[in-house]
Amino acid sequence: MRVAIIDYEVGNLANVYNAWKRLGVDVEITRDAAAIRSADVVELPGVGAIRDAMGNLKKFDLIPLLREEVARGKFFMGVCLGMQALFEKDYEGGEYEGLGFLPGEIVPLRVPLKVPHMGWNELEFRRQHWLQNKLSAHPYVYFVHSYYKTPVDSPDVIAVAEYGQPVPAICGRDNVLGFQFHPEKSGQVGAQLLQNVIDYVRKEG
């Protein structure tokens with residue numbers, strides 16, 4: 001099992017790398033096309049602004065490669081800012097085109113609570129999903145974000161968290177998956193979610 005973490009100069013990648021490493025998989029931080037093509041799982045992490053994220057993906061000529069790999073059926077997951085990049089449009093400080101792997105838009109979180117939504121919150125799965133394997137009925141994960149995916153009730157929304165409103169926490173369809181929270185900062189629950197991804201990809205492969 002090989003995991004390629006996309007290195008596009010957005011966020012600290014050490015925690016992401018170590019989370020996979022602890023699970024015993026072969027993991028590499030890279031933007032090398034051959035390494036990405038040979039990986040079983042590609043992760044797009046990210047902390048910061050979508051303008052920088054999409055700008056850097058374009059600068060390193062990664063967008064055509066990622067679209068090609070997703071079209072080929074490669075398992076692709078986005079985390080935090082990386083999840084927000086999966087959608088069609090993002091309205092963070094302007095209007096930006098996303099990768100378009102999932103339908104929907106990223107908009108500011110306007111709730112009568114502190115923004116950013118930061119800290120531990122409970123996942124509520126909208127339907128039965130293989131990601132729930134070996135998780136408790138109400139697992140908690142760690143969030144840090146000020147924007148969220150809309151609409152919140154579309155078929156690609158797998159789980160939500162309540163923060164003044166339902167906030168999509170896990171989205172996905174087919175070979176594309178997004179976590180709005182940080183699995184690498186979510187303790188045993190985060191580790192189990194990553195292990196479930198490994199198990200699913202091995203089974204499907």
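No continuous path of hydrophobic side-chain contacts links I5 to L57 [ILVMFWY only; heavy atoms under 4.5 Å]. The same ILVMFWY cluster, assembled from side-chain heavy atoms under 4.5 Å apart, contains both V70 and L66. Follow the hydrophobic side-chain contacts under 4.5 Å out from F179 and you never reach V144; the two are in separate clusters. Linking Ile, Leu, Val, Met, Phe, Trp and Tyr residues whenever their side-chain heavy atoms come within less than 4.5 Å leaves M118 and V47 in two separate clusters. Residues I170 and Y200 fall within the same hydrophobic cluster, defined by Ile, Leu, Val, Met, Phe, Trp and Tyr side chains chained together at heavy-atom separations under 4.5 Å.
With hydrogens and angles disregarded, no donor-acceptor distance shorter than 3.5 Å links the side chain of N175 to the backbone of F76. The closest donor-acceptor contact from the side chain of N133 to the backbone of N196 lies at 3.5 Å or more, if one exists at all. In this structure a side-chain-to-backbone donor-acceptor pair under 3.5 Å is present from R127 to V157. Between the side chain of N15 and the backbone N or O of E184, no donor-acceptor pair lies under 3.5 Å. In this structure a side-chain-to-backbone donor-acceptor pair under 3.5 Å is present from E88 to G104. No donor-acceptor pair under 3.5 Å is formed between the side chain of K21 and the backbone N or O of V27. Judged by distance alone, with hydrogens and angles left aside, the side-chain atoms of Q84 form a donor-acceptor pair with the main-chain N or O of Y147 at under 3.5 Å.
Listed here is the closest heavy atom pair of P45 and I6: CD-O, 3.7 Å. Looking at every heavy atom in both residues, A4 comes nearest to T30 through CB-CG2, 4.0 Å. Summarising the geometry of L123 relative to A169, their closest heavy-atom pair is CD2-CB, 3.5 Å, with the distance given to 0.1 Å. What you find for P103 and F87 is that their closest heavy atoms are O-CD2, 3.2 Å. Taking all atoms of both residues into account, the shortest heavy-atom contact from L86 to G78 is CD1-N, 4.1 Å. Considering every non-hydrogen atom in both L81 and A49, the closest pair reads CD2-O, 3.7 Å.
Considering CG of L194 and CE of M77, their distance stands at 5.5 Å, rounded to 0.5 Å. Atom OH in Y8 sits 4.0 Å away from atom CG in L44 (nearest 0.5 Å). For the atom pair I50 CD1 and E97 CD, the distance stands at 11.0 Å (nearest 0.5 Å). Atom CG of N56 is separated from atom CZ of R31 by 8.5 Å, given to the nearest 0.5 angstrom. Taking CD of Q188 as the start and CD of Q195 as the end, the distance is 9.5 Å to the nearest 0.5 Å. Atoms NZ and OH, from K114 and Y163 in turn, are 7.5 Å apart once rounded to the nearest 0.5 Å.
At a threshold of 4.5 Å between non-hydrogen side-chain atoms, the residues R110 and V115 do not count as touching. By the 4.5 Å heavy-atom criterion applied to side chains, R126 and P166 are counted as neighbours. Contact check for Y96 versus I106: no side-chain heavy atoms found under the 4.5 Å cut-off. Under the 4.5 Å side-chain criterion, counting only non-hydrogen atoms from C-beta, Q192 is not in contact with V189. You'll find the side chain of E43 reaches within 4.5 Å of the side chain of W20, heavy atoms only. Looking at heavy atoms from C-beta onward, I158 lies in side-chain contact with L177 at the 4.5 angstrom threshold. L135 has its side chain within reach of L193: a pair of non-hydrogen atoms, C-beta onward, lies under 4.5 Å apart. Side-chain contact check for W130 versus V197: some heavy-atom pair is nearer than 4.5 Å.
Of the residues V41, D40, I198, the one that meets the side chain to side chain contact (heavy atoms under 4.5 Å, CB included) test with V25 is I198.
No more than 12 heavy atoms of other residues, nucleotides or ligands sit less than 6.0 Å from atom NZ of K134. Within a 6.0 Å radius of CZ in R2, other residues, nucleotides and ligands contribute more than 12 heavy atoms. Environment of NZ in K58: sparse, with no more than 12 heavy atoms of neighbouring residues, nucleotides or ligands closer than 6.0 Å. With a 6.0 Å radius and a threshold of 12 heavy atoms from other residues, nucleotides or ligands, R67 has its CZ atom above the threshold.
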Next on the checklist: Run L131 and F125 through side chain to side chain contact (heavy atoms under 4.5 Å, CB included) and show every step you take.
Outcome noted: CA-CA 10 Å; L131 276 171; F125 281 83; 4.3 Å; yes
Next on the checklist: Evaluate E69 against V42 for side chain to side chain contact (heavy atoms under 4.5 Å, CB included), listing each step before the verdict.
Outcome noted: CA-CA 9 Å; E69 289 301 288; V42 175; 5.6 Å; no
Checklist entry - Taking it one step at a time, do R202 and M1 satisfy side chain to side chain contact (heavy atoms under 4.5 Å, CB included)? => result CA-CA 8 Å; R202 279 178 174 153; M1 172 66 66; 3.3 Å; yes
Item to check | CA sep, side-chain torsions, deciding dist, call: E122, E162, side chain to side chain contact (heavy atoms under 4.5 Å, CB included) | outcome: CA-CA 7 Å; E122 181 182 349; E162 188 64 36; over 6 Å; no
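A salt bridge does not link K149 to E105: none of the charged nitrogens lies less than 4.0 Å from a carboxylate oxygen. Taking 4.0 Å as the cut-off between side-chain N and carboxylate O, R173 and D156 do not count as a salt-bridged pair. Salt-bridge check for E92 with R51: failed, with every basic side-chain N at 4.0 Å or more from each acidic carboxylate O.
Remark: aromatic rings of F181 and Y142 are distant, center separation not under 6.0 Å.
Taking the six-membered ring where tryptophan is involved, the planes of H117 and H145 are perpendicular, since the angle between them exceeds 60° and thus also 30°.
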